[in-house]
Number of protein chains: 2
Amino acid sequence: MSLSCDVCALSDICLPAGLNEAEFSLLEKNVVTGQKYTKGSQLYAVGETFGGLYAVKSGSFKSVVSSKDGDAQIVSFHMPGELIGFDGYDSTHTSSVIALENSMVCKVPGSHLDFLCSNIKSVSKHIHSMIANDVRAHNSVLVLIAQRPAEERVICFLKNISDRNKKRGFSAIDFTLSMTRGDIANFLGMAPETISRLLSQLQDDQIVEFDRRNVHIMDLEELALRSCGQDEGSAIRA
Amino acid sequence: MSLSCDVCALSDICLPAGLNEAEFSLLEKNVVTGQKYTKGSQLYAVGETFGGLYAVKSGSFKSVVSSKDGDAQIVSFHMPGELIGFDGYDSTHTSSVIALENSMVCKVPGSHLDFLCSNIKSVSKHIHSMIANDVRAHNSVLVLIAQRPAEERVICFLKNISDRNKKRGFSAIDFTLSMTRGDIANFLGMAPETISRLLSQLQDDQIVEFDRRNVHIMDLEELALRSCGQDEGSAIRA
DNA sequence: CGATTGTTTGAAGTTTCTCAAGGTGCGTGG
DNA sequence: CCACGCACCTTGAGAAACTTCAAACAATCG
């Protein structure tokens with residue numbers, strides 16, 4: 001199955017702006033669209049040679065690194081429109097990427113990447129932006145984990161997911177989390193029990209309602225207020 | 001003052017390998033060498049337009065991001081041979097970089113960067129590696145802070161500094177820290193008092209000796225052992 | 001040399017984790 | 001289609017790690 005970029009709902013986020021027709025066609029020829037990954041399957045694993053960059057088309061993924069002790073750490077979640085793969089840029093991947101649900105990605109093979117960057121200025125620019133976004137996202141997470149109490153981490157996480165949904169044109173107040181509480185806990189550097197307790201508390205406070213992984217934000221304003229220190233721009237993962 | 005790259009002790013780390021003479025000369029023409037920064041001065045600040053990438057020639061720097069609440073978070077330390085600036089790649093810097101001591105850097109202006117990447121394949125490749133290293137370094141820090149107890153963080157930090165010194169041809173067991181205890185604490189996500197206590201403990205355990213910022217590692221093997229989960233490759237900042 | 005910044009140490013307090021047990025829903029196989 | 005098993009989630013109570021507050025000391029820098 002192949003879905004061309006010009007009918008893709010994500011093209012605004014995914015593609016650089018201002019391409020002319022020739023450039024667009026060139027780009028499209030170098031992208032493998034609509035690759036499917038089932039829930040739990042790996043996009044790539046630690047140690048694999050860099051094969052290219054992936055854009056999430058639908059579904060979601062988590063990036064995981066592991067320390068020698070064997071315990072894993074989730075370093076980011078990836079939602080539609082977002083680019084995955086820089087951790088292996090030009091060498092070997094140091095993280096594994098796993099589908100959280102049945103998902104689709106488009107792939108720009110690494111070999112074509114240089115070609116595209118050299119020939120289409122705006123692609124090169126777009127890639128640079130993505131890299132900078134990546135760095136910013138990492139930094140935001142670091143700030144969150146290094147110096148924020150657990151409650152604020154959870155709030156920022158929810159706010160961030162909400163923001164990213166909004167950015168893609170979906171509801172900012174009603175959505176479904178694709179990751180487990182355990183995943184969230186791991187990502188935010190705390191125990192799953194702590195997540196559970198804090199979510200319950202947010203519910204008691206009438207700020208967010210939870211029905212398992214379904215989230216309904218009742219007071220977005222209050223949520224934003226309590227997540228001070230994180231602005232929309234410096235999203236956990238842009 | 002201008003110091004050419006071919007006499008620079010860091011050229012192995014700093015430059016891509018296998019350049020021919022023409023390429024080398026081209027590269028050198030596009031680098032501004034030997035810019036001085038005094039202790040406490042800024043290489044660039046949050047909000048500044050991307051001006052290029054910097055290679056640390058001597059001295060050291062810290063990268064700082066700040067949350068809305070105003071409190072700062074150190075996201076990385078930079079030592080000689082390391083590249084700074086990707087957080088603003090092609091747009092605006094989101095961190096500030098501050099000299100921890102009197103330092104020198106070489107600068108590759110952003111405008112020349114595209115030119116160099118397009119014309120010297122190995123430069124492009126080198127940059128890609130640097131980006132991937134950056135991502136890896138960020139991930140390592142995240143693992144450390146998200147799921148390691150304070151003692152291990154400090155040990156990993158010391159081990160990391162030691163490794164980086166070794167990589168540059170300096171002593172792995174005798175060195176001077178250029179940052180304050182407060183800086184280390186901030187970077188590792190804990191209170192300065194905790195750092196102080198843990199360092200004292202390491203000294204009591206006969207593993208490391210401290211004379212203010214002078215460090216002498218007495219038992220490197222034990223240090224490595226206790227910093228399990230972090231290998232040399234996945235350095236905090238490569 | 002005086003002020004400011006950085007460092008150390010102690011004691012009390014708080015957050016978060018660990019351990020434990022019970023509950024809920026989902027998917028698989030009968 | 002139901003039942004069972006498994007993974008996930010929730011909640012409580014006690015324990016541990018780390019922070020905060022406080023005070024004293026050391027070193028650096030104008």
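What you are looking at is a predicted structure, and each value in this text was computed from that prediction instead of being measured.
- Between Arg213(A) and dC8(D) there is no side-chain polar atom (N or O) within less than 4.0 angstrom of OP1 or OP2.
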Protein-nucleotides 12-16 of chain C N/O pairs closer than 3.5 Å?
from    : atom 1 : to        : atom 2 : distance (Å)
dT16(C) : OP1    : Ala150(A) : N      : 2.7

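- The C1' atoms of five pairs define one axis at each end of the helix from dC1(C)-dG30(D) to dG30(C)-dC1(D), and these two axes lie 50° apart (to 10°).
- The one candidate from Leu43(B), Val32(B), Val108(B) that meets the side chain to side chain contact (heavy atoms under 4.5 Å, CB included) condition with Tyr54(B) is Leu43(B).
- Taking atom CG of Asn214(A) as the reference point, atom C1' of dT24(C) lies 14 Å away to the nearest angstrom.
- No salt bridge links Glu193(B) with Arg197(B); every basic N to acidic carboxylate O contact stays at or beyond 4.0 Å.
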Report summary line: Expected string for nucleotides 21-30 of chain D under the B/S/- scheme (protein heavy atoms, under 4.0 Å, primed atoms plus P, OP1, OP2 as sugar-phosphate) is BB----SSS-
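- Side-chain contact check for Ser91(A) and Arg136(B): at least one donor-acceptor pair (N or O, by modelled atom type) lies under 3.5 Å.
- Side-chain atoms of Thr176(B) and Asn214(B) include a donor-acceptor pair closer than 3.5 Å.
- A salt bridge between Lys167(A) and Asp163(A) is absent, with no side-chain N of the basic residue lying under 4.0 Å from a carboxylate O of the acidic one.
- Rounded to an integer number of Å, the gap from Asp71(B) CG to dT20(D) P is 11 Å.
- Tested against Met79(B), the residues Leu100(B), Val56(B), Asn165(B) include a single side chain to side chain contact (heavy atoms under 4.5 Å, CB included) partner, Asn165(B).
- To the nearest 0.5 Å, atoms OG (Ser96(A)) and CG (Asp87(A)) are separated by 9.0 Å.
- Rounded to the nearest 0.5 Å, atoms CD1 (Ile217(A)) and NZ (Lys159(A)) are 8.5 Å apart.
- The CG-P distance, from Leu188(B) to dA17(D), rounds to 18 Å in whole Å.
- Listed pair Thr180(A) / dA7(D) fails the phosphate criterion, with no side-chain N or O lying under 4.0 Å from OP1 or OP2.
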